[in-house]
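The shown structure was predicted, so the numbers you read here are calculated from the model rather than taken from an experiment. Along the sequence shown, residues carry numbers from 1.
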Amino acid sequence: MAFTEFRPLDEKCLVEYIKATPALSDKIGNNFDDLKIKEVGDGNLNFVYIVVSPAGSFVIKQAIPYVRCIGESWPMTKERAYFEALTLREHGRLSPENVPEVYHFDRIMSVIGMRYLEPPHIILRKGLVAGIEYPLLAEHISDYMAKTLYHTSLLYRTTTEHKHNVAEFCGNVELCRLTEQVVFSDPYKVSEYNRWTSPYLDRDAEAVREDNILKLEVAELKSKFCERAQALVHGDLHTGSIMVTRESTQVIDPEFAFYGPMGFDIGAFIGNLILAFYAQDGHADQGNDRKTYKEWILRTIKETWSLFYKKFTALWDEHKDGSGEAYLPGIYNNPELHQLVQRKYMQDLFHDTLGFGAAKMIR
């Protein structure tokens with residue numbers, strides 16, 4: 001069976017596909033007798049299969065040309081798989097401990113083959129609902145964000161490299177438009193997609209729609225989101241895009257990646273933790289009032305920002321005489337000025353983080 005044009009993979013097709021792809025068949029020792037395949041997609045956008053044999057395992061993710069949970073009435077570019085693979089490889093190069101390795105990418109079939117994050121890895125959101133503490137979460141996620149955001153920004157890169165990469169990722173415009181719609185537009189108007197407000201949240205939703213000052217702020221955030229190509233951001237860094245154990249933190253699903261404002265990633269993560277904090281009262285029971293867990297979440301929020309600040313500025317200090325063109329060493333050449341610039345930059349970034357975090361929470 002030749003795979004020279006796009007077709008959705010079912011389980012039977014998938015076995016043929018693996019046989020025809022050495023990068024994948026080698027991972028399972030070419031053993032097709034004891035192969036187990038399980039479909040685990042969350043059903044929103046993509047097909048996701050776990051492939052396991054006694055010799056090895058991997059995950060196959062295939063983008064299809066429409067929103068899967070809605071159907072062909074909502075078309076969606078399958079090119080998103082290309083940007084996801086590109087970002088997994090780039091972020092994986094910069095932060096290999098926190099991004100699953102890509103074994104294979106096929107642009108025609110929109111297929112990514114990557115490391116299977118075996119149990120006990122679970123989606124962080126599920127862990128937060130279950131009340132599990134992850135002692136290394138702030139350490140790991142701050143590491144991932146500092147390395148990926150710093151090294152893809154003009155603090156580290158030349159303007160030529162940066163423009164080249166920005167141009168490449170401009171191709172992911174459809175997924176950016178989807179974010180523009182669901183984060184910066186739909187919550188502020190009556191929209192057919194705002195289905196989850198009645199009856200308890202109707203008044204709150206109306207208050208958001210009628211808040212002029214809020215709309216001014218959101219317009220500013222939207223313009224930053226659309227216009228500010230600061231770094232290669234994940235673009236969807238919520239607690240559903242992170243898999244965890246107590247020792248491991250893995251960032252997945254960067255199909256919304258583009259060159260945008262750093263605060264969008266940091267804000268998405270912190271905003272999701274704040275939502276998880278408020279949700280804990282709903283998970284409390286007689287055996288566990290979740291008070292100590294709420295304290296852990298607050299500590300994690302605080303540590304995430306302070307560790308990120310420390311690591312990001314340390315990278316900046318380390319490379320301040322490098323090829324980054326944001327602050328040329330010939331101009332910003334004394335310690336006092338370097339400190340001034342850094343303080344201003346990080347203050348602005350914190351401001352962005354809070355704004356985008358709030359927008360994600362409202363959404």
Seminar exercise, completed: side-chain hydrogen bond (donor to acceptor under 3.5 Å, both in side chains) filter on Ser306, not counting sequence neighbours, yields none
Problem set entry | All side-chain contact (heavy atoms from CB on, under 4.5 Å) counterparts of Tyr193, not counting sequence neighbours | Trp74, Gln181, Asp186, Ser191
Exercise. Ignoring hydrogens and geometry, is there a side-chain-to-backbone donor-acceptor pair from Glu168 to His164 under 3.5 Å?
Worked result: no
Exercise. So, does Ser57 use its side chain to make a donor-acceptor pair with the main chain of Ser53 at under 3.5 Å?
Worked result: no
Exercise. Judged by atom type as modelled, is there a donor-acceptor pair below 3.5 Å linking the side chain of Gln250 to the main-chain atoms of Ile242?
Worked result: no
Exercise. Is the side chain of Glu180 donor-acceptor paired with the backbone N or O of Lys222 at a distance under 3.5 Å, no angle test?
Worked result: no
Exercise. Side chain to side chain donor-acceptor pair (under 3.5 Å): which pairs involve residues 126-139, sequence neighbours left out?
Worked result: Glu139-Lys311
Problem set entry | Heavy-atom donor-acceptor pair, Asn165 side chain to Glu161 backbone, under 3.5 Å | yes
For this session: Can you sort out the partners of Lys344 under side-chain hydrogen bond (donor to acceptor under 3.5 Å, both in side chains), two or more places apart, ordered by chain and number?
Result: Asp348
Exercise. Among pairs that include at least one residue of residues 319-334, which meet side chain to side chain donor-acceptor pair (under 3.5 Å), considering only residues two or more places apart or in two chains?
Worked result: none
Exercise. Under the side-chain contact (heavy atoms from CB on, under 4.5 Å) test, which residues partner Ser95, sequence neighbours left out?
Worked result: Glu97, Asn98, Tyr144, Lys147, Thr148
Counting only pairs under 3.5 Å, give me each side-chain donor-acceptor contact of residues 112-121, with atom names and distances, residues two or more places apart or in other chains.
| from | atom 1 | to | atom 2 | distance (Å) |
| --- | --- | --- | --- | --- |
| His121 | ND1 | Glu118 | O | 2.9 |
| His121 | NE2 | Ser248 | OG | 2.8 |

Problem set entry | Thr21 side-chain N/O to Ala23 backbone N/O, donor-acceptor pair under 3.5 Å | no
Exercise. Is there a donor-acceptor pair closer than 3.5 Å between any side-chain N or O of His104 and the backbone N or O of Ile60?
Worked result: no
Exercise. How are the rings of Trp305 and Phe308 set to each other: parallel, tilted or perpendicular (split at 30° and 60°)?
Worked result: tilted
Exercise. Is there a donor-acceptor contact under 3.5 Å from the side chain of Tyr293 to the main chain of Ile132?
Worked result: yes
For this session: Inspect the contact between Glu90 and Arg93 and indicate whether a charged nitrogen and a carboxylate oxygen are less than 4.0 angstrom apart.
Result: yes
Exercise. Would you say the side chains of Asp106 and Tyr17 form a donor-acceptor pair under 3.5 Å?
Worked result: yes
Using a 3.5 Å cut-off and no angle test, enumerate the donor-acceptor pairs between side-chain atoms of residues 254-269 and protein atoms at least two apart in sequence or in another chain.
| from | atom 1 | to | atom 2 | distance (Å) |
| --- | --- | --- | --- | --- |
| Glu255 | OE1 | Asn46 | ND2 | 3.2 |
| Glu255 | OE2 | Asn46 | ND2 | 3.4 |
| Tyr259 | OH | Arg157 | NH1 | 2.7 |
| Asp265 | OD1 | His234 | N | 3.3 |
| Asp265 | OD1 | Gly235 | N | 3.0 |
| Asp265 | OD2 | His234 | N | 2.7 |

Exercise. Mind checking what makes side-chain contact (heavy atoms from CB on, under 4.5 Å) contact with Leu221, not counting sequence neighbours?
Worked result: Phe184, Phe356, Ala359
Problem set entry | Gln339: side-chain hydrogen bond (donor to acceptor under 3.5 Å, both in side chains) partners, not counting sequence neighbours | none
Exercise. So, does Asp202 use its side chain to make a donor-acceptor pair with the main chain of Asp204 at under 3.5 Å?
Worked result: no
Problem set entry | Residues in side-chain contact (heavy atoms from CB on, under 4.5 Å) contact with Asp317, at least two apart in sequence or another chain | His338, Gln342
Problem set entry | Pairs satisfying salt bridge (Lys or Arg N to Asp or Glu O under 4.0 Å), at least one member in residues 269-281, at least two apart | Asp281-Lys294
